[in-house]
Number of protein chains: 2
Amino acid sequence: MEGDPATAAPRTRIQQRNMRRVLDAALEVFSAQGFRGATLDQIAELAGLSKPNLLYYFPSKEAIHHQLLADLMDTWLDPLRELDPAGDPMDEILGYMRRKLEMSRAMPRESRLFANEILQGAPRIGPALEGELKRLVDEKAGVIAGWMEAGRLAPMDPHHLIFSIWALTQHYADFDVQVRAVLGPGHDPFAEAGGLLDTLYRKALTT
Amino acid sequence: MEGDPATAAPRTRIQQRNMRRVLDAALEVFSAQGFRGATLDQIAELAGLSKPNLLYYFPSKEAIHHQLLADLMDTWLDPLRELDPAGDPMDEILGYMRRKLEMSRAMPRESRLFANEILQGAPRIGPALEGELKRLVDEKAGVIAGWMEAGRLAPMDPHHLIFSIWALTQHYADFDVQVRAVLGPGHDPFAEAGGLLDTLYRKALTT
DNA sequence: CTATTGTTTGACCAAATGGTCAGAAGCACG
DNA sequence: CGTGCTTCTGACCATTTGGTCAAACAATAG
């Protein structure tokens with residue numbers, strides 16, 4: 001039976017365990033060093049495998065990175081998908097913002113992986129941005145625009161409203177070191193940010 | 001006469017011109033590829049010099065990068081320095097936000113260079129963050145806090161207010177590709193952002 | 001037990017890359 | 001001109017790094 005893990009979905013328990021380890025190690029390294037900064041040796045060591053063994057599970061460095069980004073795109077957009085056209089506008093926007101902030105808090109490595117990719121011009125997920133991402137954002141921006149036209153939210157450009165939520169929430173994951181350096185010890189940046197963003201958007205969106 | 005450009009300030013016209021070229025090329029490459037992603041060959045070619053010639057002007061890749069960051073830190077904080085304790089609170093905050101956004105628009109490469117550095121844990125400018133940067137932010141946060149206590153601005157955490165301005169303005173430089181991909185053609189992201197941020201902060205800061 | 005399939009490794013390779021160096025070419029000035 | 005300094009280059013080097021491969025080592029089904 002042919003069971004090349006490099007080209008097929010995991011079959012055995014060992015495959016599943018090791019591919020997981022590799023992906024987790026790779027996330028750690030890629031998010032901290034960027035694609036070119038990361039080395040297979042680093043990833044292999046962190047995963048507890050030899051380099052050739054690692055390459056038994058994934059055909060190339062590129063493939064690992066690609067897999068990570070593909071997996072990420074799914075969950076990354078979940079908070080926005082949950083925005084409910086039938087809900088209360090203010091609750092929906094604030095809820096989205098909170099979910100996004102919580103995601104930054106819980107998944108900073110993923111946020112940085114994404115940030116690295118975009119910073120470098122999105123060479124690997126450019127198409128997904130103009131496709132999947134744009135479609136979803138356009139759709140939800142439409143919903144928000146509807147709320148604004150109905151006078152249920154203060155009017156503003158819905159696309160940029162969404163961008164502002166991305167910027168604010170991801171900042172606390174991507175620029176974590178800077179935030180902590182400036183605040184000094186004894187702070188909980190995410191908690192404090194939550195409070196500020198809440199009042200910020202509440203006031204801004206009130207008609 | 002000893003004139004090693006690698007260890008001294010530029011003396012001749014040629015040195016000045018070539019060091020400039022190198023730094024400009026390096027900014028281009030470092031900001032687009034990150035430190036490890038950039039190669040001396042790329043920088044040299046873009047600068048119109050041979051690699052050994054480039055290394056005649058700078059002792060190492062690290063040195064070029066360091067020089068860029070050092071130069072940047074200066075100008076990067078200018079907009080905040082200009083925040084005037086004697087001015088009108090709302091005008092000052094909005095003015096700061098606009099200067100910062102304009103800087104993102106005019107200097108996206110610098111913004112990305114900085115973002116890359118922070119993303120990777122600020123291995124090279126960490127100290128400056130806890131020193132120079134923290135001092136300036138603490139000072140200006142104090143000014144803002146004073147305005148709020150005097151009832152001239154709606155109360156909120158001044159540090160996080162500043163963070164929010166960083167996040168929002170830099171986002172348009174650092175995530176430029178994503179913003180443009182989602183908006184599609186026929187947009188001027190920075191102009192549109194300017195409008196939104198203006199109303200956002202105006203409402204949020206009004207008592 | 002054994003044959004087959006799945007897993008792991010040591011040794012190895014080619015390309016890329018940061019950096020060196022001896023000397024050639026350019027340039028200014030007495 | 002020729003002397004001394006600056007600028008530049010081709011050739012070279014050591015290391016790092018992504019990736020290969022044949023063969024050894026499990027594991028497991030029959």
Side-chain angles (χ1 to χ4, degrees), chain A residues 1-23 25-30 32-69 120 123-124, chain B residues 1-23 25-30 32-69 120 123-124:
Chain A
M1 181 189 191
E2 86 133 47
D4 185 357
T7 59
R11 280 159 216 274
T12 76
R13 234 158 271 148
I14 296 184
Q15 273 178 41
Q16 212 162 3
R17 173 176 57 93
N18 282 349
M19 291 179 88
R20 260 178 125 96
R21 282 190 186 177
V22 170
L23 287 174
L27 175 59
E28 185 75 26
V29 177
F30 279 135
Q33 320 263 24
F35 179 76
R36 292 219 37 191
T39 72
L40 287 182
D41 294 274
Q42 281 177 308
I43 298 174
E45 189 185 342
L46 199 62
L49 299 178
S50 67
K51 187 168 60 169
N53 197 11
L54 182 157
L55 285 164
Y56 168 71
Y57 290 103
F58 292 88
S60 68
K61 184 184 179 184
E62 195 82 42
I64 304 175
H65 192 254
H66 183 273
Q67 175 85 203
L68 278 177
L69 280 179
Q120 327 235 318
R124 300 161 224 278
Chain B
M1 181 187 189
E2 88 134 44
D4 184 357
T7 59
R11 281 160 214 275
T12 74
R13 233 159 274 149
I14 298 184
Q15 271 177 43
Q16 213 161 4
R17 172 176 57 93
N18 281 349
M19 292 179 88
R20 261 176 123 99
R21 282 191 186 176
V22 170
L23 286 175
L27 174 60
E28 185 76 26
V29 177
F30 279 135
Q33 321 262 29
F35 179 76
R36 293 218 39 194
T39 72
L40 287 182
D41 294 273
Q42 281 177 308
I43 299 174
E45 189 186 343
L46 199 61
L49 299 178
S50 67
K51 187 168 60 168
N53 197 12
L54 181 157
L55 285 163
Y56 167 72
Y57 290 103
F58 292 88
S60 68
K61 183 183 179 183
E62 195 82 43
I64 304 174
H65 192 253
H66 183 274
Q67 175 85 202
L68 278 177
L69 279 179
Q120 328 235 315
R124 299 160 224 277

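In this text the structure is predicted, and so the values were computed from the model without any measurement. By convention in this document, chain letters (A, B, ...) are assigned in the order of the sequence lines, proteins followed by strands, and residues within each chain are numbered from 1.
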Interatomic distance where CD1 belongs to I43(B) and P belongs to dG18(C) [whole Å]: 8 Å
Rounded distance (Å) that lies between atom P of dT17(C) and atom CZ of F35(B): 13 Å
side-chain N/O N53(A) vs dG10(C) OP1/OP2, d < 4.0 Å: no
Interatomic distance where CG belongs to L54(A) and C1' belongs to dG10(C) [whole Å]: 16 Å
N18(B) side chain near Y56(B) side chain, heavy-atom distance below 4.5 Å: no
List, with names and distances, any nitrogen or oxygen atoms from the protein found under 3.5 Å away from nitrogen or oxygen atoms belonging to nucleotides 19-21 of chain C.
unit_1: dG19(C); atom_1: OP2; unit_2: K61(B); atom_2: N; d: 2.8

Between dC8(D) (P) and R17(B) (CZ): distance, integer Å: 7 Å
Touch class at under 4.0 angstrom, heavy-atom based, for A63(A) against every strand present: nothing
Shortest non-hydrogen contact between L54(A) and I43(A), atoms and distance: CD1-CG2, 3.8 Å
Spatial distance of atom CE (M19(B)) from atom CG (L23(B)) [nearest 0.5 Å]: 6.5 Å
Close side-chain approach of Q120(A) to F35(A), heavy-atom, < 4.5 Å: no
Atom pair distance, as rounded to whole Å: CZ in F58(A) and P in dT7(C): 13 Å
Sugar-phosphate, base or nothing in reach of A44(B), heavy atoms under 4.0 Å: nothing
side-chain N/O Q15(A) vs dT7(C) OP1/OP2, d < 4.0 Å: yes
Any Y56(A) side-chain nitrogen or oxygen under 4.0 Å from OP1 or OP2 of dT8(C): no
Gap between atoms NE2 and P, on H65(A) and dG18(D) respectively (whole Å): 13 Å
OP1 or OP2 of dT8(C) under 4.0 Å from side-chain N/O of N18(A): yes
Any donor-acceptor N/O pair, Q33(B) side chain to F30(B) backbone, under 3.5 Å: no
Phosphate-side-chain proximity, R36(A) and dT17(C), N/O vs OP1/OP2 below 4.0 Å: yes
Separation of dT16(D) C1' from Q42(A) CD (nearest whole Å): 12 Å
Non-hydrogen atoms of I64(A) and V22(A) that approach each other most closely: CD1-CG1, 4.1 Å
Selection from dG18(C), dT8(C), dC8(D) that lies nearest to any side-chain heavy atom of D41(B): dG18(C)
N/O (side chain, S50(B)) to phosphate O (OP1/OP2, dT9(D)) under 4.0 Å: yes
R13(B) vs dT6(D): side-chain N/O to OP1/OP2 distance below 4.0 Å: no
Pairs flagged by salt bridge (charged side-chain N to carboxylate O under 4.0 Å, His left out) wherever residues 40-65 of chain A is involved - sequence neighbours left out: D41(A)-K51(A), E62(A)-R124(A)
